[in-house]
Protein chains: 4
Amino acid sequence: MTAIEGEQWQVEFHSGIPVYRQVVNRICSALAAGQLQPGDRLPTIRRLHELLGINPNTVAKAYRELELKGILVSERGHGSFVSTDPSPPPPDAQERRARLDSFYRRILTEAAGCGLTENEVIQFIQQRKKNECHGRKV
Amino acid sequence: MTAIEGEQWQVEFHSGIPVYRQVVNRICSALAAGQLQPGDRLPTIRRLHELLGINPNTVAKAYRELELKGILVSERGHGSFVSTDPSPPPPDAQERRARLDSFYRRILTEAAGCGLTENEVIQFIQQRKKNECHGRKV
Amino acid sequence: MTAIEGEQWQVEFHSGIPVYRQVVNRICSALAAGQLQPGDRLPTIRRLHELLGINPNTVAKAYRELELKGILVSERGHGSFVSTDPSPPPPDAQERRARLDSFYRRILTEAAGCGLTENEVIQFIQQRKKNECHGRKV
Amino acid sequence: MTAIEGEQWQVEFHSGIPVYRQVVNRICSALAAGQLQPGDRLPTIRRLHELLGINPNTVAKAYRELELKGILVSERGHGSFVSTDPSPPPPDAQERRARLDSFYRRILTEAAGCGLTENEVIQFIQQRKKNECHGRKV
DNA sequence: GTGGTCTAGACCACC
DNA sequence: GTGGTCTAGACCACG
């Protein structure tokens with residue numbers, strides 16, 4: 001059993017975000033959180049298909065994309081594994097900044113579309129963070 | 001000339017967010033910010049088409065959607081105007097909270113997909129806010 | 001009509017090389033040869049599907065892979081285009097050398113599997129080159 | 001100990017070429033180079049399995065294929081041996097030429113897919129040959 | 001009419 | 001039983 005399976009996590013079919021993309025994001029997220037380590041075996045395509053109730057091809061598409069990105073390695077007959085190759089050097093500060101900037105602008109427009117204001121979002125995040133810290137202390 | 005035109009604002013063609021949606025979001029955002037007031041006239045479809053370099057059908061689709069939401073009113077031969085009807089009561093705290101929650105979860109997974117961590121995003125937002133305050137003081 | 005269509009070129013269904021990969025390679029090849037220039041429009045997915053007698057999804061898979069590599073850009077409703085973004089800097093001499101080395105070792109074993117010897121292959125290539133030069137002179 | 005074992009040679013797990021095929025090719029190659037002579041005993045399946053770190057079934061599959069081609073003869077309880085039967089007459093010039101031709105076209109498209117040009121490949125091969133000759137002189 | 005997504009299902013290659 | 005490829009076909013989103 002892998003970290004991915006262990007998580008209670010579901011695909012949102014009506015979020016507008018492609019299912020295969022949700023899978024990609026979920027794995028990236030698990031990776032960033034250290035729930036998946038280089039060399040770890042991922043659930044088989046068929047397993048995720050059963051687990052998430054999505055078509056095996058959809059899982060395969062997600063895995064394939066991650067493989068092209070060099071994040072995982074698939075071995076026929078064996079399974080798929082988190083790549084042990086040295087991951088590409090993390091983007092430098094400038095690139096990072098640019099991404100954050102673009103990302104932020106993007107979520108703001110999306111927020112507006114949901115009827116949420118920038119301030120609301122910021123307050124929510126700060127509030128959330130405070131609670132989290134509080135929670136940890138306890 | 002309207003508030004929308006005055007803004008230097010561009011469509012991002014490769015952001016993955018549909019162009020028509022960006023237009024919708026932009027207008028919602030202007031409304032929330034008070035840059036557009038009830039009764040204000042919006043740019044004509046043709047005008048936005050020229051201004052943003054997007055297909056007139058795309059603008060039309062955005063306006064149609066806003067009209068369906070009751071945010072716009074189109075008067076044949078005159079143009080489109082921000083509705084003067086009492087806008088629907090703002091969602092109550094609970095609904096708002098739910099939206100924020102769902103919205104937040106969503107952008108976090110998206111961030112992970114871009115190689116950004118939750119902390120990075122939070123820090124960026126806070127930093128940005130501080131700078132903004134500073135900027136206003138000056 | 002694009003450079004790709006203009007070429008008489010066919011998919012080899014029984015070569016053991018995946019069809020979508022042949023499409024990818026063909027386009028890379030056309031690009032390297034200058035038959036495709038940045039900004040050029042590629043045949044639509046449906047067009048290649050008709051032209052090559054392969055499933056549209058297979059073409060889409062090839063295009064998708066090229067898009068992930070940053071070689072082309074697909075615009076919904078418009079078509080697919082050779083990316084105008086500055087292509088990633090060509091691999092340095094060392095990387096190139098490594099690739100050639102690995103590539104060469106690979107084709108040698110493949111040749112052996114076909115009953116061809118290294119010398120045969122080398123001679124063939126040199127002969128071919130000579131003919132080509134001769135042909136050009138005439 | 002056999003010629004095959006003596007060679008420092010490894011399976012490339014991520015080359016895209018099936019492992020069993022690499023084994024087949026390696027043996028064909030050794031045969032063509034005279035490192036293996038008719039009647040020579042090949043390593044046992046178990047031995048190659050240990051040596052190369054591959055599944056015994058994979059070795060078995062390679063041997064089976066070679067046996068079908070008449071290149072090997074397996075004698076139960078004794079091992080596998082290079083066939084002493086007169087090998088099938090080498091393909092005539094025409095057949096050979098055709099194979100080379102098809103082979104060459106194939107590797108060229110593959111090269112393009114790796115970002116290598118025809119000239120690069122040719123130069124590499126010629127350079128390599130020159131070095132090799134030089135090396136032999138010394 | 002363009003590309004995108006997803007499903008269903010078949011068959012293959014590999015281990 | 002693993003992943004890989006391909007097909008067929010449906011439906012959607014976009015312009």
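Everything quoted here is computed from the prediction, not taken from an experiment. In what follows, chains are A, B, ... by sequence order, proteins preceding strands, each numbered from 1. Heavy atoms only: backbone and side chains are in, while hydrogens, waters and symmetry mates are out.
Contacts of A:Ser15 classified as side chain to side chain donor-acceptor pair (under 3.5 Å), with partners at least two apart in sequence or in another chain: A:Gln22. The side chain to side chain donor-acceptor pair (under 3.5 Å) check on D:Arg64 picks up nothing, with sequence neighbours excluded. Judged as a salt bridge (Lys or Arg N to Asp or Glu O under 4.0 Å), and not counting sequence neighbours, the contacts of D:Arg105 are C:Glu12. In terms of the side chain to side chain donor-acceptor pair (under 3.5 Å) criterion, residue partners of B:Arg106 (sequence neighbours excluded) are, by chain and number, A:Glu110, B:Glu110. For C:Pro56, the side-chain contact (heavy atoms from CB on, under 4.5 Å) partners at least two apart in sequence or on another chain are C:Ile45, C:His49. Under the rule for a salt bridge (Lys or Arg N to Asp or Glu O under 4.0 Å), the partners of D:Glu65 that lie at least two apart in sequence or sit in another chain are D:Arg21. In terms of the ring-ring contact (aromatic ring centres under 6.0 Å, His included) criterion, residue partners of D:Tyr104 (sequence neighbours excluded) are, by chain and number, C:Phe124. In this structure D:Ser80 satisfies the side chain to side chain donor-acceptor pair (under 3.5 Å) test together with D:Ser74, sequence neighbours excluded.
Straight-line distance from the CD atom of D:Gln22 to the P atom of E:dA13: 17 Å, rounded to whole Å.
Across the interface with DNA chain F, nearest-nucleotide mapping of A:Gly79 and B:Phe13 shows A:Gly79 to be the residue nearer the 5′ end. If you find the closest nucleotide of DNA chain E to C:His78 and to D:Ile17, the one lying nearer the 5' end belongs to C:His78.
On the nucleic acid side, DNA chain F has its first and last nucleotide under 4.0 Å of a heavy atom of chain C at F:dT5 to F:dG15, going 5' to 3'.
Residue-level contact check: B:Asn57 touches neither bases nor backbone, having no heavy atom under 4.0 Å from any strand. Residue contacts for A:Tyr63: at a heavy-atom cut-off of 4.0 Å it reaches no nucleic acid atom on any strand shown.
Considering only heavy atoms from C-beta on, B:Phe81 stays 4.5 Å or farther from B:Leu72 through its side chain.
Within residues 45-53 of chain C, the residues having any heavy atom closer than 4.0 Å to DNA chain E are, in order of number, C:Ile45, C:Arg46.
Screening residues 44-57 of chain D for salt bridge (Lys or Arg N to Asp or Glu O under 4.0 Å), with sequence neighbours left out, gives D:Glu5-D:Arg47.
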Given Watson-Crick or G-U pairs with both distances under 3.5 Å, what dot-bracket string fits DNA chain E, with | for other-strand pairs and [ ] for crossing? ||||||||||||||.
